[in-house]
Amino acid sequence: MIKIILTFFLIITLFYFIQNPSSTHVRAWKRILFVLFLFLGIFSVLFPDILNKAANLIGIGRGADLLLYSLALVFFFSAINVYLKFKEMDLRINKIVSELAILEKEKKDE
Amino acid sequence: MKVTETAIIVPAYNEGKVIRKVLEDVLEVFNTVLCVDDGSKDETKKEAERTKAIVLSHILNIGQGGALQTGINYALSLDNINYFVTFDSDGQHQTEDAVKMLELLKKERLDIVIGSRFIENSSNVPLLKKLMLKAATLFTRYQTGLSISDTHNGLRVFNKKFAEKINLVNYDMAHASEILELIKKDCFKYREYPVTIKYTEYSKSKGQPILNSINILFDLLLNRKK
């Protein structure tokens, strides 16, 4: 049951993230979650049983499985983030190329 | 008597073989012809400059939408330009169609007239291309809510009011859908007009590869809310 809720929640987050990848809101949350993830990593190394306890809470067998799923998720989000970042950069470059063409023409005409 | 007050924008990418003929044909009818070389790797720019057309050149290839936007922005900076035409550089479009569409626009006081290959069976569209276009049309129809029969036709005529509102985000082939969305969003008065597309061996070999539809779809879905 919790799995369904979590999946649903994740999908909503994904859509929101894709729509506004560079809004201040999303950027802040990306950073918060990243730091959180780091801390969770540190804790699970120091207290290895945490992972198992958390896993059982959600309904997953082992802590290692939870780690695997989390890793898969983080990777997935990172990949999308990189893609979106590149698309944004593309847009910026394209605008410059367009402006430049007009400026060159106006300069030639002088 | 040439057509005045109108800028006809011809975006071109690697059309060195035909661009001169295309531009000269258009120049016989239109006063102000703007060729935008989208970072071509061949003699497109040189060939275009041999004509009386105004030639702008991108240093990098950014896409047909980008070339159109450059053309539109430049045309808007010129004096006495109140009408705009977008026209393909591969020789598929007919100048007479552009003239008729402009007349229709003025007569009916429309904001934009879009060429269509699918009204009155006006062209010989190769079958596979036809199917692909139908699919694209249905998708764009769903997306924009407009019932347009040919959603990816490069022959358009529009007025200054419309030109000023064009601010493309998609510089690749998805720009066509973006223009339609603009019509829907700001409730511009539009009409379709049957046009003839000349599918020569040359132009057929340069058409949109069907696989590119995947790329366009992807970009559209991700870029919708910018």
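Here is the naming used below: chain letters follow the sequence lines, and residue numbers restart at 1 for every chain.
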**Prompt:** Taking it one step at a time, do B/Ile54 and A/Lys105 satisfy side chain to side chain contact (heavy atoms under 4.5 Å, CB included)?
**Reply:** CA-CA 9 Å; B/Ile54 302 173; A/Lys105 176 71 184 149; 3.3 Å; yes
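With a threshold of 4.5 angstrom between heavy atoms, A/Asp90 does not approach chain B through any atom at all. The contact between B/Tyr74 and chain A is made by backbone and side chain atoms together, counting heavy-atom distances below 4.5 Å. Interface remark: B/Val55 contributes backbone atoms only to the contact with chain A (heavy atom separation under 4.5 Å).
Heavy atoms from other residues, nucleotides or ligands lying under 6.0 Å from NZ of A/Lys107 number 12 at most. Surrounding CG of A/Asp109 are more than 12 heavy atoms belonging to other residues, nucleotides or ligands, all under 6.0 Å away. Heavy-atom neighbours of A/Lys95 NZ from other residues, nucleotides or ligands within 6.0 Å: at or below the threshold of 12. Heavy atoms from other residues, nucleotides or ligands lying under 6.0 Å from CD of A/Glu99 number 12 at most. Residue B/Lys165 qualifies as open at atom NZ: its count of foreign heavy atoms under 6.0 Å is 12 or below. Enclosure of atom NZ in A/Lys30 by more than 12 non-hydrogen atoms of other residues, nucleotides or ligands within 6.0 angstrom is indicated. Crowding of A/Phe34 atom CZ: a count of heavy atoms from other residues, nucleotides or ligands under 6.0 Å not exceeding 12.
Atom CD of residue B/Gln69 and atom CG of residue A/Asn94 lie 11.0 Å apart, to the nearest 0.5 angstrom. The distance from atom OG of A/Ser98 to atom CG of B/Leu60, rounded to the nearest 0.5 Å, is 12.0 Å. Put simply, OG1 on B/Thr70 and CG on A/Leu100 are 10.0 Å apart, with the number rounded to the nearest 0.5 Å. Atoms CG and CD1, on B/Asn73 and A/Ile102 in that order, are 4.5 Å from each other to the nearest 0.5 Å.
With salt bridges taken as basic N to acidic carboxylate O contacts below 4.0 Å, one links B/Glu49 and A/Lys108.
Considering all non-hydrogen atoms of both residues, B/Val169 and A/Leu91 come closest at O-CD1, 3.4 Å.
Looking only at side-chain heavy atoms (C-beta outward), B/Leu56 and A/Glu104 stay at 4.5 Å or farther from each other.
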